[in-house]
Amino acid sequence: MTTPQPESNTKPGIGTPATKITSTKYNVVTNPEFSNYRLITPAECITKGSFIHVVIEARSESQQLVPSGGDFWFATMSTNDPHQASTAGRVIDHENGTYSVYFYAAWSGTATINITLVHPNKAVEFMHDIFTDTGPKIFWSATYKNMTTLSQLKKTNKFDTSCWITRSNDTNRFCEYPSANGLGNYTFVCIPPKDRKCRSLDIIAVNASKTDAMTRKAATGYEDYFQSKYFNQRLTKGPQTIVIKDSSYRKPTSTKDEYNLKLPPSWSHRSHGYWFNYTWTSLLYTDNNWTNSSDMKECLRNKHMLLLGDSTSRQWAQSIGTLLDLRQKVHRQDFPNFFFEDDYKELNFSVSFRFHPQTVTKTRIPFKLFIYFADILDSIVTHECANLIIELSPWAHLAQWTWDSLTQRFIKLREAVSRFRQRCPNVPIIIKGSHLREHLTTFARWGRSDYLLYQVGILMEQIFHRSGIWFLNVWDMNLSFPSRANVHMPNIVVQEELKLAIAHICGQLKHGYQY
């Protein structure tokens, strides 16, 4: 039986219908070697507590201004003095080859500006108009052998067949594992194994070679735009450092940006905050009254925190005990690193973590352990709500999904939240957004692109806005932290994310719920 052919979809709410690979939406490509940036804010006005305006000019290889927008940029400002201060700048595309960047000057002294072309317009065009509409691109290997113990799993080297996600009306030749709650009109399918029944599916793991091959194939004709010449290149034509003068410091009353009001709420601010002495100060979330360990402990006493997400949620589960200075832990696990629970007896506080289905991992995991988050929410009964806190974070493994399948997955989860809210109206629910990550291979530059992850974060807030969930945007916090990007950021970042989440949880538990 042959591998399925790519399907074509549209991206609701974010882009245009798929275009052919011969698309000439952007006829001129931005070249970072000739692009430049300049300060708009006069030097005498660059003071602590002010916004600094920088303009990027995207230029082509002929050194002419690119006549359109579409580039994807990172902009950060930092200092290497003992304070280790840093912040991310908001980039606004004027769609004429120029981009405005706004930095919030939270400290005084010399600051370094870093303007980086992450992807030029042609790479973005491919990812936005073609890659997100081409599928399937992720494949899993499956075995139908009846193995149930971890020791048996580790000894298994042979898989029986291949699996993927496809539209429900394309499944009649395959073993089907549908979930209207989890996947909507899509279905997890496998090529029927020889001499075995479909219901005996036992173990799955990502088929990395086939996934990589299909991801590469999807980029045919666009590979050049992901080479080092264009990828993650810092601009050198522009002021590398500026001097921020001291002044009577005060936080801005508003960071809303008139150009970005078309975006979901948290993405329409000029600044989300800044790092100072390895501590994040948020300008987006203002409830900072729950930052010391004793207050957080009392707030979380007798609570159960349910973390439903990917390995970034697992980091929360593994870090919260250290953040709260809890030493007595009872650890139970259904499967190491994927499904576990920690009990902290001194607070009668517990944390459960469950990984989402269709995880992109080579680890061999029993298929029956994966439960869609919508089904988990539906299984929670009213009497279990009193001391419950829920965090959702399904993003790090989803960049290669088609936009339609990803949108349906999020919508079905939102519908489950709505049903849950009818039974449990006062349970705090947080959904944590995406952040940038490492790219160790060339094909990962588009298969797990930061542009795609950025768009996933925007889509998450669009879908879950006003759904009874609080969206925690951590993009700028992670982007501006002074270390290399990684899907698993240092524990300092993880704990600062947790502090923001706990501040919201405790503030809402004390003052009531406003979503």
Side-chain angles (χ1 to χ4, degrees), residues 13-16 25-26 28-30 32 35-42 45-46 50-60 65-78 86-106 111 113-125 127-128 232-235 237-239 242 252-274 283-284 433-436 449-459 461-462 473-480:
I14 190 165
T16 57
K25 180 178 179 180
Y26 299 115
V28 182
V29 183
T30 299
S35 299
N36 63 274
Y37 63 94
R38 54 191 170 84
L39 274 173
I40 299 300
T41 305
C45 297
I46 300 177
S50 66
F51 278 96
I52 301 168
H53 185 192
V54 171
V55 166
I56 302 169
E57 294 181 343
R59 297 189 177 274
S60 65
L65 186 68
V66 174
S68 58
D71 300 316
F72 186 56
W73 303 89
F74 284 163
T76 60
M77 185 173 71
S78 61
S86 56
T87 189
R90 182 67 59 243
V91 181
I92 298 169
D93 187 350
H94 297 299
E95 301 180 2
N96 61 1
T98 67
Y99 303 78
S100 285
V101 183
Y102 291 94
F103 295 107
Y104 180 63
I113 292 178
N114 188 331
I115 307 292
T116 298
L117 178 66
V118 184
H119 294 296
N121 44 21
K122 289 294 284 186
V124 171
E125 174 189 0
M127 289 184 288
H128 190 280
N232 263 6
Q233 290 297 308
R234 180 179 181 181
L235 301 193
K237 299 181 185 300
I242 60 172
T253 55
S254 174
T255 59
K256 279 277 187 179
D257 197 305
E258 59 182 298
Y259 292 102
N260 280 334
L261 292 179
K262 61 183 179 181
L263 294 174
S266 72
W267 302 93
S268 62
H269 290 253
R270 287 188 178 184
S271 177
H272 287 180
Y274 56 91
L283 300 177
L284 193 59
S434 58
H435 64 72
L436 63 164
S449 164
D450 289 333
Y451 169 78
L452 293 175
L453 294 176
Y454 184 81
Q455 295 296 338
V456 168
I458 292 175
L459 179 67
E461 186 169 10
Q462 284 176 331
N473 192 324
V474 297
W475 185 272
D476 282 11
M477 175 194 291
N478 283 264
L479 170 60
S480 60

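No donor-acceptor distance shorter than 3.5 angstrom exists from the side chain of His435 to the backbone of Gly457, with no hydrogens or angles considered. Between the Tyr451 side chain and the Asp71 main chain, no donor and acceptor come within less than 3.5 Å of each other. A distance-only check finds a donor-acceptor pair linking the side chain of Ser434 to the backbone of Leu453 [under 3.5 Å]. In this structure a side-chain-to-backbone donor-acceptor pair under 3.5 Å is missing from Asp476 to Gly273. Looking at Ser60, its side chain never comes within 3.5 Å of a backbone N or O of Val66 through a donor-acceptor pair.
Residues Pro264 and Ile458 are in side-chain contact: their nearest non-hydrogen atoms beyond the backbone lie under 4.5 Å apart.
Closest non-hydrogen pair, Ala75 versus Ile115, comes out as CB-CD1, 3.8 Å. Between Leu65 and Arg59, the shortest heavy-atom contact is N-NH1, 3.4 Å. Residue Phe51 comes nearest to Arg270 through the heavy atom pair CE2-CB, 3.7 Å, listed as atom of the first residue, atom of the second, then distance. The two residues Ala58 and Ser35 come nearest to each other via the heavy atoms CA-OG, 3.6 Å. Here the closest heavy-atom approach between residue Ser268 and residue Pro265 is recorded as OG-O, 2.7 Å. Heavy-atom minimum distance, Phe103 versus Ala88: CD2-C, 4.2 Å.
Atoms CD1 and CG, from Ile113 and Leu235 in turn, are 11.5 Å apart once rounded to the nearest 0.5 Å. Rounded to the nearest 0.5 Å, atoms CG (Asp93) and CZ (Phe72) are 11.5 Å apart. Put simply, OG1 on Thr116 and CH2 on Trp73 are 9.0 Å apart, with the number rounded to the nearest 0.5 Å. The line from CZ of Arg90 to OG of Ser100 is 13.0 Å long, rounded to the nearest 0.5 Å. Distance check: Trp267 CH2 to Tyr454 OH gives 5.5 Å after rounding to the nearest 0.5 Å. Between the OG1 atom in Thr87 and the OH atom in Tyr102 there is a gap of 15.0 Å [rounded to 0.5 Å].
Taking 4.0 Å as the cut-off between side-chain N and carboxylate O, Glu57 and Arg38 count as a salt-bridged pair.
With sequence neighbours left out, Ser78 forms a side-chain contact (heavy atoms from CB on, under 4.5 Å) with Ser86, Thr112.
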Exercise. Dump the intermediate steps for side-chain contact (heavy atoms from CB on, under 4.5 Å) on His269 and Leu283, then the final yes or no.
Key: CA-CA 9 Å; His269 290 253; Leu283 300 177; over 6 Å; no
Quiz item: Run the side-chain contact (heavy atoms from CB on, under 4.5 Å) check on Gln455 and Leu452 step by step: do they pass?
Solution: CA-CA 5 Å; Gln455 295 296 338; Leu452 293 175; 5.6 Å; no
Quiz item: So Phe74 and Val91, side-chain contact (heavy atoms from CB on, under 4.5 Å) or not? Walk me through it.
Solution: CA-CA 8 Å; Phe74 284 163; Val91 181; over 6 Å; no
